[in-house]
Amino acid sequence: MTSKKVVELFYDVVSPYSWLGFEIICRYRNVWNIDLKFRPAFLGGIMHGAGNKPPGLVPNKFAYMTKDLHRLAKYFSVPLHPPADPFEVMFQKGTLTAMRFVTAVQHMEKGGDKQVEQVSRELWRRIWSEDKDITKLESFSEAAKKAGLSDDEIEKALKLSTSQEIKDKLKRSTEEALNYGAFGFPMLICHVDGKPEMFFGSDRFELMANSIGEKWLGPNPDSSASRL
Ligand SMILES: N[C@@H](CCC(=O)N[C@@H](CS)C(=O)NCC(=O)O)C(=O)O
């Protein structure tokens with residue numbers, strides 16, 4: 001039996017703060033004694049289910065977030081550059097089909113996590129760094145190719161992503177997140193002594209480290225690790 005503490009990261013690639021949280025927890029995966037589980041879910045369903053609304057819809061919050069993300073991108077060394085029209089990207093186009101694609105990739109990996117990690121990162125990079133589409137099939141193919149999937153794997157994942165099985169799987173993850181108390185992303189669930197502890201945000205790692213008996217060593221715990 002492993003002594004590693006299970007940490008689940010619930011995220012949606014629509015969320016720039018989730019990208020920051022994702023990169024940080026990936027950097028700490030081999031620094032802390034944790035077993036990291038990626039939990040792709042749908043933030044639109046979380047907002048609806050929790051009776052919340054996206055912070056970007058409040059004008060002053062939107063202005064603050066724009067500055068905050070700029071500072072955080074630098075601090076965390078993540079190449080985050082908001083798209084020209086964040087409203088179109090987040091609220092008109094949305095990420096339901098993208099998150100179904102991510103769910104399909106994870107489903108095909110059967111317990112592995114390399115492909116789901118890389119595909120998620122490439123999708124974030126497209127919208128939150130390069131201002132590229134992530135709603136069309138060719139966009140998923142491009143992201144998956146960059147992530148290292150073969151043409152055969154990409155074709156299978158695209159087909160699988162429209163199946164009822166995958167739609168239900170994404171719905172279940174979203175419901176599970178709501179059951180843990182989610183109202184936004186990123187959400188991290190640390191299983192400590194058989195009890196789930198929930199943390200919201202990419203700015204809660206110091207506190208999270210304390211509750212799992214680890215140390216927060218800043219945004220770049222292993223400065224020799226490769227950067228994005
Ligand atoms: N302070 C958090 C903010 C995270 C955040 O604003 N996440 C958005 C999605 S990008 C969200 O779901 N917000 C819900 C809320 O603030 O109620 C951080 O630094 O990560």
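Since the model is a prediction, treat every value here as computed from it, not as a measurement. Remember, it's 1-based here, ligands and their atoms both numbered in the order they're listed. For this chain, numbers begin at 1 and follow the sequence in order.
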- Query: Are Arg204 and ligand 1 in contact, using a heavy-atom cut-off of under 4.0 Å?
  - Reply: no
- Query: More than 12 heavy atoms of other residues, nucleotides or ligands under 6.0 Å from CG of Asn179: is that the case?
  - Reply: yes
- Query: Going by the order shown, which atoms of ligand 1 are within less than 4.0 Å of some heavy atom of Pro16?
  - Reply: 10 (S)
- Ion pair Glu122/Arg125, N-O distance below 4.0 Å: yes
- Side chain, backbone, both or neither: the part of Ser15 lying under 4.0 Å from ligand 1 by heavy atom: both
- Pick from Tyr17, Phe200, Phe185: the one approaching atom 9 (C) of ligand 1 most closely through a non-hydrogen atom: Phe185
- Ligand-side contact atoms (ligand 1) for residue partner Phe183, heavy atom cut-off under 4.0 Å: 14 (C), 17 (O)
- Query: Taking heavy atoms and a distance under 4.0 Å, where does Asp68 meet ligand 1: side chain, backbone, both or neither?
  - Reply: neither
- Note on the structure: Per-atom filter on ligand 1: closer than 4.0 angstrom to a heavy atom of Asn52 are 14 (C), 15 (C), 17 (O)
- Item | Flag, side chain of Ser129 to backbone of Arg126, donor-acceptor distance under 3.5 Å | no
- Note on the structure: ligand 1 to Gly201, heavy atom cutoff 4.0 Å, flagged ligand atoms 2 (C), 18 (C), 20 (O)
- Item | Step-by-step ring pair (Phe, Tyr, Trp, His ring centres under 6.0 Å) determination, Phe62 to Phe87 | CA-CA 10 Å; Phe62 179 76; Phe87 284 92; 5.0 Å; yes
- Nearest non-hydrogen protein atom to atom 1 (N) of ligand 1, with distance, is Asp203 OD2, 2.9 Å
- Message: Between Phe185 and Tyr11, is the ring centroid distance below 6.0 Å?
- Response: no
- Message: Below 30° counts as parallel, above 60° as perpendicular, anything between as tilted: where do the rings of Phe205 and Trp216 land?
- Response: parallel
- Can you check side-chain hydrogen bond (donor to acceptor under 3.5 Å, both in side chains) on Tyr28 and Glu214, steps first, answer last? CA-CA 10 Å; Tyr28 272 90; Glu214 297 283 356; over 6 Å; no
